[in-house]
> 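There's a structure below that I have some questions on.
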Amino acid sequence: MLLSEWGGVFLSILIYLVFSNYSLKREMAGLQEGRRDEILVYLPSDLYVAAGQSMELYNNEVIWAGNMDNYHVSWNCELGQNLARKYSLTALEENIGVWELELNVYDNNMETVYNRTVNLHIVADNIPEGIRILNIGDSLSSTGIWYERVRELSSGKISFVGTRGYEECMHEGRPGFAAGSYLSEIGYERDGETVHPFWNPEEGRFDYQYYKDTYNIDPDVVQLWLGVNGMKLDPADNAKAIKTIVDSVRQDDPEIPIYIVNTPYLSGQDGIGYQQDIYGYIVLQGTWKLEEDRKIMNLMLELEEELGDYRSVYFIPAAIMHDSENNYKTSAVPVNPESSGLCDTVVESVHPEEAGYRQIAGCMYGVYCGTMDGTLPLAE
């Protein structure tokens, strides 16, 4: 073959490689554009913080994404601080009023992928005297820490009623109960309870009026803190059960305010793994943090869809205002099986320590102050 012919072959190969690479790049760009990571955001249109209290919104709880490192979050408000992992605010009395809080989420090219402006209400401590709250929940409702903190914040104006608990911190929290459990004829076996007190045996259903009449309990407010048990990627069953309880209460008391506490996110993966191993939480076997976060996000969005238009139903956004990175139990564990070195590692994933419960109580109290004014009808 002549030299000129070899040159022609070489040029043809070069042109093929250049255009093949260009075509491949175009195909990859199209693939990336067509498969842009999904991003979900839960941010209520109205947020409340009581004057004198602090509030924080955590980026990786407000936002769900497969890889948060691909996104950049910016909070814009005349008050508070736009920090690396959160928006932080300490509300003062002179700040009482409504402020605009803007959330912007950017990709790595500084292009906006999400934008929303919500109302940030800084509210006075105007809780009426003598409010009685009936809280229905699971193990997160069985600790006295947050009940005591709410009572402290309210200077004793709020008390909690129920068949369980102590003194002014009574409740209806049952470890292991899902929302659907309250719609079934079961009890809390650890206390020898054969059936929970909302179950009307004659009608075979959750019956709020039956509960009030049988146990002589007549609250001013009903609060539901349910969802962590029975959590699934498809939130339909869980949300439907919570909605059924709300509808049942409303059937017997159309005017009573109802508060829905959003389920806090679990701790990091280490906490999930160590809790299963140390405490025997077989239910957590194979649990994956990213998936669990998605379950929480899906349930919050589903409940907003199902109950967002209900009159006098208020959401308490505990999930996005609780520091799930730092509020769970830690312990010194070996860095590896053959090492004498220790590292401080999260070993609990569901139940916060005292700081976490106190932070959630502050979130509750802000919503109470913003929605319970002097016109709230008190039970006789």
Side-chain angles (χ1 to χ4, degrees), residues 50 52-54 125 127-179 181-182 187-193 196-198 211 215-229 245 257-267 271 275 279 281 316-319 321-324 326-330 347-369 372 379:
Q53 302 301 314
S54 296
D125 181 354
I127 295 291
E129 188 75 40
I131 297 294
R132 291 166 289 180
I133 299 178
L134 169 64
N135 184 84
I136 306 171
D138 47 39
S139 58
L140 293 169
S141 297
S142 290
T143 177
I145 297 173
W146 66 265
Y147 296 102
E148 293 174 359
R149 180 56 175 163
V150 168
R151 283 187 48 74
E152 178 185 359
L153 290 171
S154 71
S155 300
K157 295 178 183 178
I158 292 176
S159 61
F160 293 91
V161 297
T163 63
R164 299 169 54 79
Y166 56 90
E167 297 177 350
E168 303 299 316
C169 298
M170 303 296 287
H171 60 81
E172 297 295 348
R174 289 167 175 77
F177 263 45
S181 302
Y182 285 102
Y188 183 50
E189 295 179 357
R190 294 185 204 175
D191 284 355
E193 181 184 77
H196 65 79
F198 295 94
Y211 169 83
Y215 299 95
N216 194 29
I217 295 173
D218 194 10
D220 307 301
V221 172
V222 170
Q223 178 168 287
L224 305 181
W225 189 356
L226 291 161
V228 66
N229 297 313
I245 295 174
I258 300 175
Y259 290 79
I260 310 292
V261 183
N262 287 329
T263 300
Y265 288 90
L266 303 187
S267 68
Q275 184 177 13
Y279 300 106
Y281 275 60
I316 295 176
M321 294 187 185
H322 171 250
D323 189 358
S324 62
N326 296 295
N327 281 338
Y328 289 99
K329 181 181 178 181
T330 61
V347 295
E348 160 74 48
S349 63
V350 178
H351 309 96
E353 293 205 283
E354 181 174 351
Y357 282 118
R358 288 173 63 89
Q359 194 174 32
I360 291 170
C363 174
M364 291 179 181
Y365 191 65
V367 178
Y368 296 161
C369 288
M372 292 182 187

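It should be emphasised that the depicted structure is a prediction, and the values quoted were computed from it without experimental measurement.
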> Between Val367 and Pro317, is any pair of side-chain heavy atoms under 4.5 Å apart?
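With C-beta onward as the side chain, the pair touches.
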
> I'd like to know whether the aromatic ring centres of Tyr211 and His196 sit less than 6.0 Å apart in this structure.
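So the answer is no for these two rings.
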
> Just by modelled atom types, is the Gly173 backbone N or O under 3.5 Å from a matching donor or acceptor in the Arg164 side chain?
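A pair under 3.5 Å: yes.
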
> For His171, run the ring pair (Phe, Tyr, Trp, His ring centres under 6.0 Å) check against Tyr147, Trp146, Trp225 and tell me which one passes.
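That would be Tyr147.
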
> Considering only heavy atoms from C-beta outward, does the side chain of Ile145 approach that of Arg149 to under 4.5 Å?
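No. Closest side-chain heavy atoms not under 4.5 Å.
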
> Supply the atom-to-atom distance Phe177 CZ to Ser141 OG, rounded to the nearest 0.5 angstrom.
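With rounding to 0.5 Å, CZ (Phe177) is 12.5 Å from OG (Ser141).
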
> Measure the CD-CD1 distance between Glu152 and Ile158 for me, rounded to the nearest 0.5 Å.
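Glu152 CD to Ile158 CD1: 12.5 Å, rounded to 0.5 Å.
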
> Quick check: closest heavy atoms across Pro197 and Arg174, and the distance to 0.1 Å?
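Reported closest heavy-atom pair: CD-NH2, 2.9 Å.
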
> Taking atom CD as the centre, does Glu193 end up with more than 12 heavy-atom neighbours from other residues, nucleotides or ligands that are less than 6.0 angstrom away?
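Yes, enclosed.
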
> A side-chain contact here means heavy atoms from C-beta on lying under 4.5 Å apart; do Ile245 and Leu226 qualify?
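Yes, close enough: below the 4.5 Å cut-off.
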
> Counting C-beta onward and ignoring hydrogens, is there a side-chain heavy-atom pair between Val347 and Ser267 closer than 4.5 Å?
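Result no, sub-4.5 Å side-chain heavy-atom pair not found.
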
> How far does OG of Ser181 sit from CZ of Phe198, to the nearest 0.5 angstrom?
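Interatomic distance, Ser181 OG to Phe198 CZ, rounded to 0.5 Å: 13.0 Å.
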
> To the nearest 0.5 angstrom, please state how far the CD1 atom of Ile316 sits from the CD atom of Gln223.
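Rounded to the nearest 0.5 Å, the CD1-CD separation comes to 4.0 Å.
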
> Any idea which heavy atoms bring His351 and Ser139 closest together, and the distance?
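Taking every non-hydrogen atom into account, NE2-OG, 2.8 Å.
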
> I would like to know whether Asp220 and Met372 meet side-chain contact (heavy atoms from CB on, under 4.5 Å); could you show each step before the answer?
CA-CA 11 Å; Asp220 307 301; Met372 292 182 187; over 6 Å; no

> Would you call Cys369 and Ile127 a side-chain contact if the rule is heavy atoms closer than 4.5 Å?
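Yes, side chains in contact.
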
> Between the side chains of Glu148 and Arg151, is the shortest nitrogen-to-carboxylate-oxygen separation below 4.0 Å, so that they form an ion pair?
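So Arg151 does not pair with Glu148 through a salt bridge.
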
> Would you please test Val261 and Tyr259 for side-chain contact (heavy atoms from CB on, under 4.5 Å) and show each step?
CA-CA 6 Å; Val261 183; Tyr259 290 79; 5.5 Å; no

> Do you know the tightest heavy-atom contact between Leu266 and Ser324?
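That closest heavy-atom pairing would be O-CB, 3.8 Å.
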
> Would you say the side chains of Asn327 and Gln359 form a donor-acceptor pair under 3.5 Å?
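The criterion, which ignores hydrogens and geometry beyond distance, is satisfied for Gln359 and Asn327.
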
> Can you tell me how far the OG atom of Ser154 sits from the CE atom of Met364, to the nearest 0.5 Å?
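Rounded to the nearest 0.5 Å, the OG-CE separation comes to 12.5 Å.
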
> Run Leu153 and Tyr368 through side-chain contact (heavy atoms from CB on, under 4.5 Å) and show every step you take.
CA-CA 11 Å; Leu153 290 171; Tyr368 296 161; over 6 Å; no

> With a 4.5 Å limit on heavy-atom distance, are the side chains of Tyr215 and Thr163 in contact?
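Yes, side chains in contact.
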
> Looking only at heavy atoms, what is the nearest atom pair of Gly156 and Glu129, with distance?
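Taking Gly156 first and Glu129 second, the nearest heavy atoms are O-OE2, 4.4 Å.
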
> Restricting to non-hydrogen atoms, name the atom on Pro219 and the atom on Val222 that form the minimum distance, rounded to 0.1 Å.
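In this case the closest contact between Pro219 and Val222 is CG-CG2, 4.5 Å.
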
> Are side-chain N/O atoms of Glu172 and Tyr182 paired as donor and acceptor at under 3.5 Å?
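No.
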
> Mind listing the closest non-hydrogen atom pair of Thr263 and Ala319 along with its distance?
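Nearest pair, atom of Thr263 first, then Ala319: O-CB, 3.2 Å.
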
> Could you measure the distance from the CG atom of Asn262 to the NE2 atom of His322? Nearest 0.5 Å is fine.
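Output value for this atom pair is 13.5 Å.
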
> Could you give me the CA-CA distance, side-chain angles and deciding distance for Ser349 and Tyr328, then say whether side-chain contact (heavy atoms from CB on, under 4.5 Å) is met?
CA-CA 7 Å; Ser349 63; Tyr328 289 99; 5.7 Å; no

